[in-house]
Amino acid sequence: MADVRVRFSPAPTGFLHVGGARTALFNWLFARGAGGEFFLRIEDTDVARSRQEWIDGIQSTLTWLGLGWDGPLVLQSTRFDRYLAAADQLLASGHAYECFCTEEEVKERSDAAVRAGRPPGYDGRCRALGDDERAALRTAGKPRSVRFRTPDEGSSTFADVVRGEVAVEWSTVRDFVIVRSNHTPVFFLANAVDDADMGITHVIRGEDLIDSTHRVLAIRAALGVEGRPVYAHLPLLVGEDRGKLSKRHGAVALEDFRERGYLAAALLNYLALLGWSPDDDREVMTLDEVVAAFALERVTHSPAFFDYQKLDWINGEHIRRLDLPDLVAAVLPFARARYGARLDVAVFEAAVALAQERASTLVQIADQAEFLFVDHEEFTITDDGWARLVATDGVDAILTAAATHLQGCEWSAEGVDLRPVLAALGLSKTAANKRAMPALYCAIEGRPHGLPLFDSIVLLGRDGTLRRIERARARLATTR
RNA sequence: GCCCCCAUCGUCUAGUGGCCUAGGACGCCGCCCUUUCAAGGCGGUAACGGGGAUUCGAACUCCCCUGGGGGCACCA
């Protein structure tokens with residue numbers, strides 16, 4: 001088998017979202033599994049819409065995900081001469097022709113056709129222009145684009161790894177522009193030329209591009225390129241409204257997942273499961289395991305919806321499987337952003353260890369540990385937490401008893417165990433768990449949900465814990 | 001309007017004629033465990049869009065319908 005060469009070729013007209021990332025991932029997985037190469041090609045032929053910041057963003061996101069590419073980045077904007085030469089070749093061979101219709105004219109006639117009940121698209125007006133007519137229009141200074149002449153009859157067919165045979169009648173495909181009137185090449189041309197020049201063996205992309213394949217293949221053939229790549233069109237990722245993912249339809253920048261505390265490995269794991277599944281029941285997998293199990297033949301046919309709840313679950317599973325030092329390193333940036341200089345690394349590590357078994361995102365871990373790194377004077381209880389605390393029967397007695405115990409007890413998780421204290425207050429186990437404990441959580445950790453209380457108290461320290469209980473009691477007094 | 005594609009629990013999916021009274025996972029519900037919550041354990045809820053045809057036998061094959069999606073740009 002010839003060496004596998006694939007590419008991920010986004011247009012730099014926006015941030016990379018889950019759809020693009022999934023396409024990049026499948027290409028990368030396929031290349032990795034086949035021992036082939038994975039290239040990154042930026043399709044920036046539409047100069048007006050392409051932006052350097054998006055090119056940078058795509059690269060940094062791919063890097064964060066760990067989907068590194070081989071060789072230098074290919075920028076189509078640096079290869080315009082090559083595409084234009086190919087267009088000249090097509091012009092010379094009669095596969096393309098000069099079109100003097102302006103964009104507006106084409107649109108007007110297309111709209112009129114629709115109103116008249118005919119199909120939209122270019123009507124082929126400049127198809128049969130004679131040499132003299134063409135020359136006249138040229139000297140008249142009419143803007144000129146180049147159109148590819150699609151066959152009048154017959155059909156186009158290609159074999160798709162996931163779709164099977166894909167065919168379309170040429171009579172339903174209008175002539176299309178390959179060079180704009182501003183002399184810049186269009187997607188179809190650049191795509192066909194580059195896939196050939198780069199020796200791309202497999203084209204793996206979204207199903208929204210399936211119809212364009214016939215046109216690219218026609219250009220490729222007209223250019224005299226031997227053979228064609230293997231195509232694999234992936235089912236689309238859809239938004240909540242079941243529409244193709246776009247900014248309007250729930251697309252979220254991949255960078256947001258990073259900021260919200262998702263692990264790249266977990267995101268990749270989940271993305272791999274959207275439109276593909278291994279031939280066994282595994283779901284939580286490392287990237288290496290996914291590479292080993294991946295097969296284009298197992299890609300599904302129907303669109304998939306991105307489920308954040310399942311992502312949260314998978315992320316939690318990955319967090320739980322991380323070695324503590326790695327998890328600490330992953331949470332550290334979030335911790336530094338939140339607690340700044342107050343961060344105590346030793347305490348932080350202990351807190352992360354406590355959070356590891358319960359958290360589903362890195363942000364959650366940082367949030368749960370936050371109470372350990374807040375100045376006692378600035379410590380506040382959330383509104384929810386305060387409401388809960390205030391509503392607890394005998395809360396003042398509970399806090400007082402806890403403080404009394406903590407003043408003299410041995411400073412260990414066993415020593416600070418407040419259960420005997422609550423029992424001595426006459427609280428049943430249920431009452432202690434359901435009512436008293438939440439109040440203590442709120443007073444000490446500032447929120448009703450968080451790290452295990454007794455371990456937290458030990459980490460907070462005797463002085464700090466007592467001050468927090470005292471603050472809660474004082475606030476309680478003024479509230480009454 | 002025309003072309004193309006898709007169709008199993010709420011969601012992601014397994015399933016390629018009998019192993020399916022349809023399996024797994026997330027979610028949801030219940031119970032257990034328990035230092036609240038979470039995590040964990042156990043159990044439960046829930047689907048083959050409809051109609052024909054082929055066959056001894058259809059989730060799996062074919063046709064029609066319905067529904068959904070994609071494309072028809074001087075975007076990619």
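Here is how names work: the chains are called A, B, and so on, in the same order as the sequence lines, proteins then strands, and each is numbered from 1. Atom set for the values below is all heavy atoms of this structure, side chains included, hydrogens, waters and symmetry mates excluded.
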State which residues pass side chain to side chain contact (heavy atoms under 4.5 Å, CB included) with A:R215; sequence neighbours excluded, sorted by chain then number. A:V173, A:F176, A:F188, A:D211, A:S212
Listed by chain and number, what are the salt bridge (Lys or Arg N to Asp or Glu O under 4.0 Å) partners of A:D280, not counting sequence neighbours? A:R282
Under the rule for salt bridge (Lys or Arg N to Asp or Glu O under 4.0 Å), what residues qualify as partners of A:R468, not counting sequence neighbours? none
Mind checking side chain to side chain contact (heavy atoms under 4.5 Å, CB included) for A:R49 and listing every partner two or more places apart, or none if nothing turns up? A:T13, A:D46
Contacts to RNA chain B from residues 293-302 of chain A, heavy-atom cutoff under 4.0 Å, which residues? A:R298, A:T300, A:H301, A:S302
Under the salt bridge (Lys or Arg N to Asp or Glu O under 4.0 Å) test, residues paired with A:D455 that sit two or more places apart: none
Can you sort out the partners of A:Y122 under side chain to side chain donor-acceptor pair (under 3.5 Å), two or more places apart, ordered by chain and number? none
Can you list everything that forms a salt bridge (Lys or Arg N to Asp or Glu O under 4.0 Å) with A:D417? Sequence neighbours excluded, please. A:R419
Give every pair of a protein N or O atom and an N or O atom of nucleotides 66-70 of chain B that lie under 3.5 Å apart, one pair per line with the distance.
from	atom 1	to	atom 2	distance (Å)
B:rG70	OP1	A:K244	N	3.0
B:rG70	N2	A:D211	OD2	3.0

What does the list of N/O pairs under 3.5 Å between the protein and nucleotides 22-24 of chain B look like, with a distance for each?
from	atom 1	to	atom 2	distance (Å)
B:rG24	N2	A:E283	OE2	3.4

For residues 432-447 of chain A, which side-chain N or O atoms pair as donor and acceptor with protein atoms under 3.5 Å away, sequence neighbours left out?
from	atom 1	to	atom 2	distance (Å)
A:Y441	OH	A:L453	N	3.2
A:E445	OE1	A:L451	N	3.1
A:E445	OE2	A:S456	OG	3.2

Neighbours of RNA chain B within residues 348-358 of chain A, by heavy-atom distance under 4.0 Å: A:E357, A:R358
